[in-house]
Amino acid sequence: MTNAQVARIFAEVADILEILGENPYRVQAYRRAAQIIENLTEDIVDLARRDELEKIPGIGASIAQKVKEIVATGRLKQHEELKAKIPPGLLEMLQIPGMGPKKVLLVYKRLGIDSVQKLEEAAKAGRLRGLPGMGAKTEQNILRGIQLLRSTRGRLPLGIALPAANKIVAELKELPQVERITTAGSLRRMKETIGDIDILITSPDPKPVMDRFVSMPMVKEVLAHGTTKSSVIIDAGTQVDLRVVPPESFGAAQQYFTGSKDHNIRLRELAIKKGLKINEYGVFKADTGERLAGEHEEEMYAALDMPWIPPEMRENWGEIEAALEGRLP
DNA sequence: CTATCGACCGAGTTTA
DNA sequence: TAAACTCGGT
DNA sequence: GATAG
Ligand SMILES: [Mg+2]
Ligand SMILES: [Mg+2]
């Protein structure tokens, strides 16, 4: 039994509980446990044998017990029972971009839709509109989401993603409205594989930048097109996200958009404890709103009394503690 | 034991 | 138009 | 379901 297999079981438990409308915090607990287990450097089977599971933050008595059950039997009774409660098609429907747990549950309960195919038929027939919160636009979006699910690919090796990202950067650089441009996300963190390409631009005039971005020749599909944030799918099914911020927020946006998500949350938690607030526009005093940093990434960390942390280390694997103690390698 | 629950925000849609 | 809701992003 | 207080 591998860590990935155990993680997958808990992730699925989370998905099913969510569709069933369970307590969101319980759902999150399973989801977090799945993520923790997936990222463990140590073998979960060994940890279970040594009875050290509960030492891991986020793993409590209940999940530790379930891990032991999985390790011992290869399955989790709760998981099997939950799977029996809902048609397997609902989990597939959850994979459709734009379909979250609410909509999945809604169409299932009200129309008995329990597969992607049935969902497609219903949307085409216009039977979804009229459901609370769903109109004609939502039907169209669902149909598009289904096509997307069939064409979008998974994570991309860094070696493939880098040249693709550089090509986009080169194209957008031509625009006079573009001041600074850089990659962000897992690409900037130099992960072995990346889930999407994230690009950050500073511009005093974002509209033409966004317009050009969503109309690049390689763009196959426009997922979102706003004034500060847009997302597209390019050639072979890779998602590209673009964020445009004012020049004075470059550092803050770079920090935010580089992540990781966990790293960001830890930083923001820390900020709260210091009476501060962090977002992609800067570091602010929580009470007065006074802006303390934002133009440079280094000053974002400095505002929290930390040295700048290299992107490759920003995974919330202890780098924040290390930075605070001045023990960064 | 029990209240609380990771931080913050943009886009899109529906509803009031 | 604004608020509420859902979804998705780090 | 986990955990801080
Ligand atoms: Mg990304
Ligand atoms: Mg992204």
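A, B, ... follow the sequence lines: proteins, then strands. Residue 1 opens every chain.
The distance from atom CD1 of A:I265 to atom P of B:dC5 is 15 Å, rounded to the nearest whole Å. The CG atom of A:L304 sits 13 Å away from the C1' atom of B:dA7 (whole-angstrom rounding). Between the C1' atom of C:dC7 and the CD atom of A:Q140 lies a distance of 18 Å, rounded to the nearest Å. Rounding to whole angstrom units, CD of residue A:Q35 and P of B:dG6 are separated by 13 Å. Residue A:K102 contributes atom NZ, which lies 13 Å from atom C1' of C:dA4 at whole-angstrom precision. Look at CD1 on A:I320: it is 13 Å from C1' on C:dT10, rounded to the nearest Å. Between A:Q255 atom CD and C:dG9 atom P the separation is 19 Å, expressed in whole Å. The distance from atom CG of A:N23 to atom P of B:dT4 is 14 Å, rounded to the nearest whole Å.
A salt bridge links A:E42 with A:R50: the distance from a Lys NZ or Arg NE/NH1/NH2 to an Asp or Glu carboxylate oxygen falls below 4.0 Å. Electrostatic pairing of A:R150 and A:E120 counts as a salt bridge here, judged by a charged N lying under 4.0 Å from a carboxylate O. We find that A:E81 and A:K77 are joined by a salt bridge, their nearest charged nitrogen and carboxylate oxygen being less than 4.0 Å apart.
Contact check, A:Q239 against C:dG9: a side-chain N or O comes under 4.0 Å of OP1 or OP2. The side chain of A:N279 places an N or O atom within less than 4.0 Å of a non-bridging phosphate oxygen (OP1 or OP2) of B:dC9.
Contact annotation: side chain of A:D196 to base of C:dG9, donor-acceptor pair absent below 3.5 Å.
Nucleotides D:dA2 and B:dC8 place their C1' atoms 23 Å apart, quoted to the nearest Å. Comparing the P positions of B:dA7 and D:dG1 gives an interatomic distance of 22 Å, to the nearest angstrom. For the C1' atoms, the distance from B:dG6 to C:dG9 is 16 Å, rounded to whole Å.
Within a 6.0 Å sphere centred on CD of A:E121, other residues, nucleotides and ligands contribute more than 12 heavy atoms.
Judged as a side chain to side chain donor-acceptor pair (under 3.5 Å), the pairs with a partner in residues 213-230 of chain A (not counting sequence neighbours) are, in order, A:D211-A:H225. Residue pairs that meet the side chain to side chain donor-acceptor pair (under 3.5 Å) test with at least one member in residues 8-21 of chain A, sequence neighbours left out, are A:R8-A:E12, A:E12-A:H79, A:D15-A:R31, A:E18-A:R31.
In this structure, of C:dG8, C:dC7, B:dG6, it is C:dG8 that holds the atom nearest to the side chain of A:P97.
Shown are A:R144, A:K124, A:R129; of these, the side chain to side chain contact (heavy atoms under 4.5 Å, CB included) with A:E139 is made only by A:R129.
Residue whose closest nucleotide on DNA chain B sits further toward the 5' end, between A:E269 and A:K277: A:E269.
Both tests pass for A:R180 against the ring of A:F250: distance under 6.0 Å to the centre and angle within 45° of the axis.
Residue A:L267 is out of contact with every strand shown, counting any heavy-atom pair closer than 4.0 Å. Nucleic acid contact class of A:P24 (heavy atoms, under 4.0 Å, all strands): none. Across all strands, A:R189 comes closer than 4.0 Å only to sugar-phosphate atoms, never to a base (heavy-atom distances).
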Notebook entry, point to check: When you check every protein heavy atom under 4.0 Å of nucleotides 10-16 of chain B, what one-letter string (B, S, -) results, 5' to 3'?
Noted result: BSSSSS-
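Contacts between chain A and DNA chain D, taken as any atom within less than 4.0 angstrom of a protein heavy atom, begin and end at D:dG1 to D:dT3.
Under the stacking criterion of a centre-to-centre distance below 5.5 angstrom and an interplanar angle below 30°, A:Y256 is not stacked against the six-membered ring of C:dT10.
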Name the atoms and distances for all side-chain donor-acceptor pairs under 3.5 Å in residues 83-99 of chain A, with sequence neighbours left out.
residue : atom : partner : partner atom : Å
A:Q95   : NE2  : A:L91   : O            : 3.3

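For A:E54, there are no salt bridge (Lys or Arg N to Asp or Glu O under 4.0 Å) partners, not counting sequence neighbours.
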